[in-house]
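To keep things clear, I will list the structure first and then write my remarks on it.
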Amino acid sequence: MSSPVVTRFAPSPTGYLHIGGGRTALFNWAYARKLGGKMLLRIEDTDRERSTADAIDAIIEGLTWLGLDWAGEPVSQYGRVMRHREVAEQLLAQGKAYRCYCSPQDLEEMRAKAEAEKRPIRYDGTWRDRDPSEAPAGVKPAIRFRAPQEGETVIEDAVQGRVVIPNKDLDDLIILRSDGNPTYNLSVVVDDHDMGVTHIIRGVDHLTNAARQTQIYMAMGWRVPHMSHIPLIHGPDGAKLSKRHGALGVEAYRAMGYLPEAMRNYLARLGWSHGDDEIFSTEQLVEWFNLESIGKSAARFDFAKLENVNGHYIRHTPDASLLAQFVDFLPHAEGGKAMLAQIDDAMMAKLLRAMPGLKERAKTLVELMKGAQFLFAQRPLPMDDKAAQIIRDGGAEALAGLIPLLESAEDWSALALESLVKAHAEAQGLKLGKLAQPLRAALTGTSTSPGIFDVLEVLGRDEALGRLKDQVS
RNA sequence: GCGCCCUUCGUCUAUCGGUUAGGACGACAGCCUUUCACGUUGUAAAGACGGGUUCGACUCCCGUAGGGCGCGCCA
């Protein structure tokens, strides 16, 4: 028998779900799926000052948008404080923890002094072996873990390898605050144990915590979960991911028009690889995902690559499905609600018909939105600079010659119109571009658009002719 | 300051002692073309540095430099 894999994603609800968290969740999710296990979601909300309900909503919405699901209800870590206290008391009773009567000011001084003397900044163990009878009156103690002072703590990490940390560098951390609330390292250990977590996958910024947690596991006689500490994501400059570089909430990526499956693909490829494969479906990711192929060095977030991947997914998504995603996206986009309000059945039909030409030119849904703009425009269309230029430079004349021809068209289909216009161009000894660009300008108000005959067809005879005449008169 | 980790084209990466060091994004050039895209062809582009080990190192070891993370009664 093999025990089922249980992973967990454990964000603290102090802000949006940032991109690094999204990738951590993706890895946990993919790993659990691959092994037929499950991923749990635990909200680390023991910091009552900074945790907010909005942040919890943002995390859940972000994960949902990314298409990452979890087993059961999200667990509130704060909801388990009684259990955490119980374990802290147990450790205390066993002599594996002790009461510390230092005040925050004492500790602050201790740190300042250590720093001034260029010594490592650590708790000096003042109360480690001191008799509790010496406790100052009226001071509520915190409980500290009695960490081993000699030897070393070893973390067998699937990504980092065997990491050895000298115990002398780890001090006695507080596990229960003087107000009776547990701290992170205690809560995490207790929860992971109680929830049956078998595999912990999280950012390397937790590597030192892993050592302290390992010590707590051992003190409790619990089995240490299998660990993987994945490298962090950096900004394009190699330093921290700043806001303008991508340290945005996943909802920002949604607003920028990225598709969830493209995000999954891109994020997975950041730090993990499967040979030379660049584009792979989520199913393939699940099938291929492994901890061994996660690299150890930090990766830089690259919007250009993300755009490319996103463009690929946009192009390869079936029209109807893409249209549905586009409509869902609109409420999250700048100016999207106004566009959404103009969408009725007729417009949906037009969008669907225009989608093949539109999606080939869009790397994001925002670009798709811009590309579709001409369908929504009201006559007389505003012309951008280049379009106005085209109309001015002989465009109007070309259109004047074209209008009677188009009016006589019996079949208003892209194919028929194309042969009609091409024949006209040939008869006049004109290059097609001389006619196509003015048409594009008049029809869309811009100098770029999908194939011009498709534009004519989608717009329909009346609207198209109207737009053309607007530019001739 | 102390501890841990990292270092292959600009970026993401492949390589798991023997390769003309491969792919992708981006860049540049060409082709395609009614615009923009798409597509397609090609070009430039990398083992931080210094020592070892070895018949042979990008790959193993040591050092140096650079970078990251951690060192809260935050998580």
Exercise for the section: Select base, sugar-phosphate, or nothing to describe what A:H206 touches, counting heavy atoms under 4.0 Å on all strands. Expected result: base
Problem - C1' spacing across the pair B:A21 / B:A14, given as an integer number of angstrom - result: 10 Å
Exercise for the section: Return the value, rounded to whole Å, for the distance between atom CG of A:D172 and atom P of B:G72. Expected result: 13 Å
Exercise for the section: Under 4.0 Å between any heavy atoms, over every strand shown, what does A:R50 touch: base, sugar-phosphate, or nothing? Just pick one. Expected result: base
Practice task
Scan A:T46 against the nucleic acid and name what it touches under 4.0 Å (heavy atoms): base, sugar-phosphate only, or nothing.
Solution key: sugar-phosphate
Practice task
For B:C36 and B:C31, measure between their P atoms and round to the nearest Å.
Solution key: 14 Å
Practice task
Walk me through it: do A:T24 and A:R202 pass the test side chain to side chain donor-acceptor pair (under 3.5 Å)?
Solution key: CA-CA 6 Å; A:T24 300; A:R202 79 240 285 195; over 6 Å; no
Practice task
Could you tell me whether A:E426 atom CD has more than 12 heavy atoms of other residues or ligands within 6.0 Å of it?
Solution key: no
Handout entry: Heavy-atom closest pair, residues A:D47 and A:S51
Key = O-OG, 2.8 Å
Exercise for the section: Mark yes or no for a side-chain to base donor-acceptor pair under 3.5 Å between A:N209 and B:A75, with no hydrogen or angle criteria applied. Expected result: yes
Handout entry: Under-4.0 Å salt bridge between A:K305 and A:E307
Key = no
Handout entry: Pairing partner (Watson-Crick or G-U wobble, both distances under 3.5 angstrom) of B:G70
Key = B:C2
Problem - Length of the line joining A:R42:CZ and B:A75:P, which is rounded to integer Å - result: 12 Å
Practice task
State the pairing partner of B:U34; accept Watson-Crick or G-U wobble contacts with both distances under 3.5 Å, and report none otherwise.
Solution key: none
Exercise for the section: Please confirm whether A:Y31 and A:W272 have ring centers closer than 6.0 angstrom. Expected result: no
Pairwise N/O distances under 3.5 Å, protein to nucleotides 4-14 of chain B:
from  : atom 1 : to     : atom 2 : distance (Å)
B:C5  : O2'    : A:Q160 : OE1    : 3.4
B:C6  : OP1    : A:K296 : NZ     : 2.4
B:C12 : OP1    : A:R300 : N      : 3.1
B:C12 : O2'    : A:R269 : O      : 3.0
B:U13 : OP1    : A:G271 : N      : 2.7
B:U13 : O3'    : A:S273 : OG     : 3.4
B:U13 : O2'    : A:R269 : NH2    : 2.7
B:A14 : OP1    : A:S273 : OG     : 3.1

Practice task
Mark up nucleotides 33-41 of chain B, 5' to 3', with B wherever a protein heavy atom is under 4.0 angstrom from a base atom, S wherever such an atom reaches only the sugar-phosphate, and - elsewhere.
Solution key: -BBBBSS--
Exercise for the section: Inspect the surroundings of NZ in A:K370 and state if more than 12 heavy atoms from other residues, nucleotides or ligands are less than 6.0 Å away. Expected result: no
Exercise for the section: Determine, stepwise, if the pair A:R8 / A:D191 fulfils salt bridge (charged side-chain N to carboxylate O under 4.0 Å, His left out). Expected result: CA-CA 10 Å; A:R8 47 60 156 192; A:D191 289 349; over 6 Å; no
Handout entry: Separation of atom CZ in A:R144 from atom C1' in B:C71, rounded to whole Å
Key = 13 Å
Problem - Salt bridge flag under 4.0 Å for residues A:D237 and A:R300 - result: no
Exercise for the section: Please work out if A:C102 contacts a base, only the sugar-phosphate, or nothing of the nucleic acid, heavy-atom cut-off 4.0 Å. Expected result: base
Problem - Residue whose closest nucleotide on RNA chain B lies nearer the 5' end, A:D205 versus A:D179 - result: A:D205
